[in-house]
There are 2 protein chains.
Amino acid sequence: METELKRGFLVRQRAFLKLYLLKMIEANKRYGTQFLDDLRTEFKPYGYHPTHSEIYKTLHELTREGWVRREKKLLGEPGVDFQEIIIYHFTEKGKQEYELYRKQMKVELDRCLGLLNQAMSDHYGPIKRK
Amino acid sequence: METELKRGFLVRQRAFLKLYLLKMIEANKRYGTQFLDDLRTEFKPYGYHPTHSEIYKTLHELTREGWVRREKKLLGEPGVDFQEIIIYHFTEKGKQEYELYRKQMKVELDRCLGLLNQAMSDHYGPIKRK
DNA sequence: GCATGAACAAATTGTTCATTG
DNA sequence: CAATGAACAATTTGTTCATGC
C-alpha cells in the first residue's frame with residue numbers, strides 16, 4: 001500500500017480519498033453512497049466532484065488489504081424495506097494501519113502544499129498571510 | 001487548451017509544468033534540458049523529479065498551439081562545437097495566451113490549495129500559521 | 001555523449017453497463 | 001429504483017528506444 005502514497009508530483013486522488021474514507025469508517029454507520037454524497041458536498045466549494053467508482057474502488061481496496069471488513073445490512077428506512085447496504089468496520093490491523101497512514105499522509109499533504117505554495121510564490125509573488 | 005487546466009481533483013502535472021516553462025521561455029535563452037535541470041533542482045526539496053519526456057511534450061504542445069516558435073541553435077560551449085539545441089521564443093499570440101493562462105492558473109492553484117488545506121484541517125486540525 | 005523526439009507501456013481515473021434485492 | 005460492483009474506455013504520465021550531431 002506504500003506505492004499509492006506518493007508519486008512525485010501531487011498526491012493521487014485515491015490516496016486522498018482513502019484518508020477521508022478511513023475517517024468516515026471510523027465514525028461508523030455510513031455506507032458507500034453516503035460517503036460519496038458527503039464528500040461531494042464537502043468538496044463542492046473546490047469544484048471537486050468524486051465519482052462513485054473511485055469511492056467503491058477505494059473501499060474494495062481497503063477490504064482486500066484487510067483494513068476493514070464488510071457487513072451487509074438492510075437500509076432500515078421507512079418505506080424502503082429491502083435495500084441492501086454495506087457497512088464497513090475496522091479490523092484490528094486496520095486500526096493500526098490507519099494510524100500510520102494518517103501520519104504518512106500528513107507528510108504527503110505538507111509536501112504538496114509546499115509544492116503549490118512554491119509555485120504560488122514563483123508566479124504570483126510571496127504568499128500572503130492574513 | 002482549456003481542457004488541461006482543471007480536472008476536478010488536483011491540477012495536472014502538465015498544466016503545472018506549462019506554467020513554469022512559459023515563465024522560463026519568457027526569461028529567454030534556455031533550452032529543454034536546462035529547463036529540466038532547473039525544475040528538478042527547484043523541486044528537489046519537494047521530492048518532485050519531473051521527467052524529460054513531460055518537459056518535451058509540454059514544449060511540443062506549446063509549439064503546436066502556436067504559443068512559441070522554435071529556433072535551432074548550436075550550443076556555443078567551448079569544446080562542444082556541434083551540439084544542436086532548441087531555443088523557444090514567444091509568438092505574439094503566445095504572449096497574450098500566457099498572460100491569460102497565468103491568471104487562470106492562479107485560480108486553479110488557489111483551488112488546489114483550498115482543497116489540500118481543507119484536508120489538513122479535516123484530518124489534522126486547524127491550519128497553523130506562523 | 002548530449003539534446004531532442006517518439007514509441008510504447010503503465011498507471012490512474014472516468015463512463016458505462018450489469019446485478020441484486 | 002438505490003446501492004453496489006465490474007467492464008471498459010480514456011487520459012495522463014513514465015520508461016524505453018531512436019536519432020542527429
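Proteins come first, then strands; the chains are lettered A, B, ... in the order of their sequence lines, and each starts at number 1.
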A/Lys73 NZ/CZ over A/Tyr31 ring centroid, <6.0 Å and within 45° of normal: no
Side chain to side chain donor-acceptor pair (under 3.5 Å) partners of A/Tyr46, counting only residues at least two apart: B/Gln118
Length of the NE2-C1' vector between A/His49 and C/dT15, whole Å: 13 Å
Rounded distance in Å - CZ (A/Arg14) to P (C/dT13): 7 Å
Nearest-angstrom distance from the residue atom CD1 of A/Ile55 to P of C/dT13: 12 Å
Distance-only donor-acceptor hits, side chain of residues 85-96 of chain B, under 3.5 Å, sequence neighbours excluded:
unit_1, atom_1, unit_2, atom_2, d
B/Tyr88, OH, B/Arg70, NH1, 3.4
B/His89, NE2, B/Glu71, OE1, 2.5
B/Thr91, OG1, B/Gly66, O, 2.6
B/Thr91, OG1, B/Trp67, O, 3.1
B/Thr91, OG1, B/Gly94, N, 2.8
B/Glu92, OE2, B/Lys95, NZ, 3.0
B/Lys93, NZ, B/Glu65, O, 2.8

Pairwise side-chain contact, B/Leu17 with B/Arg14, heavy-atom cut-off 4.5 Å (strictly under): no
A/Tyr56: ring-ring contact (aromatic ring centres under 6.0 Å, His included) partners, not counting sequence neighbours: A/His52
Interatomic distance, B/Leu21 CG vs C/dT4 C1' [rounded to whole Å]: 15 Å
Using the 3.5 Å cut-off, write out each protein N or O paired with an N or O of nucleotides 9-11 of chain D and the distance between them.
none

Residue list, side chain to side chain donor-acceptor pair (under 3.5 Å) with A/Glu97, at least two apart or on another chain: none
Whole-Å distance separating the CG atom of B/Leu36 from the C1' atom of D/dG14: 13 Å
Pairs flagged by salt bridge (charged side-chain N to carboxylate O under 4.0 Å, His left out) wherever residues 36-49 of chain A is involved - sequence neighbours left out: A/Arg30-A/Asp38
Separation of C/dG5 C1' from B/Lys72 NZ (nearest whole Å): 11 Å
Contact pattern, 5' to 3', of nucleotides 2-8 of chain D - B, S or - by protein heavy atom under 4.0 Å: BSBBB--
Atom-to-atom span, NZ of A/Lys18 to P of C/dT13 - whole angstrom: 11 Å
Qualifying residues under ring-ring contact (aromatic ring centres under 6.0 Å, His included), relative to B/His60, sequence neighbours excluded: none
Residue pairs involving residues 116-126 of chain B (criterion salt bridge (charged side-chain N to carboxylate O under 4.0 Å, His left out); sequence neighbours excluded): none
Atom pair distance, as rounded to whole Å: CG in B/Leu74 and C1' in C/dT4: 14 Å
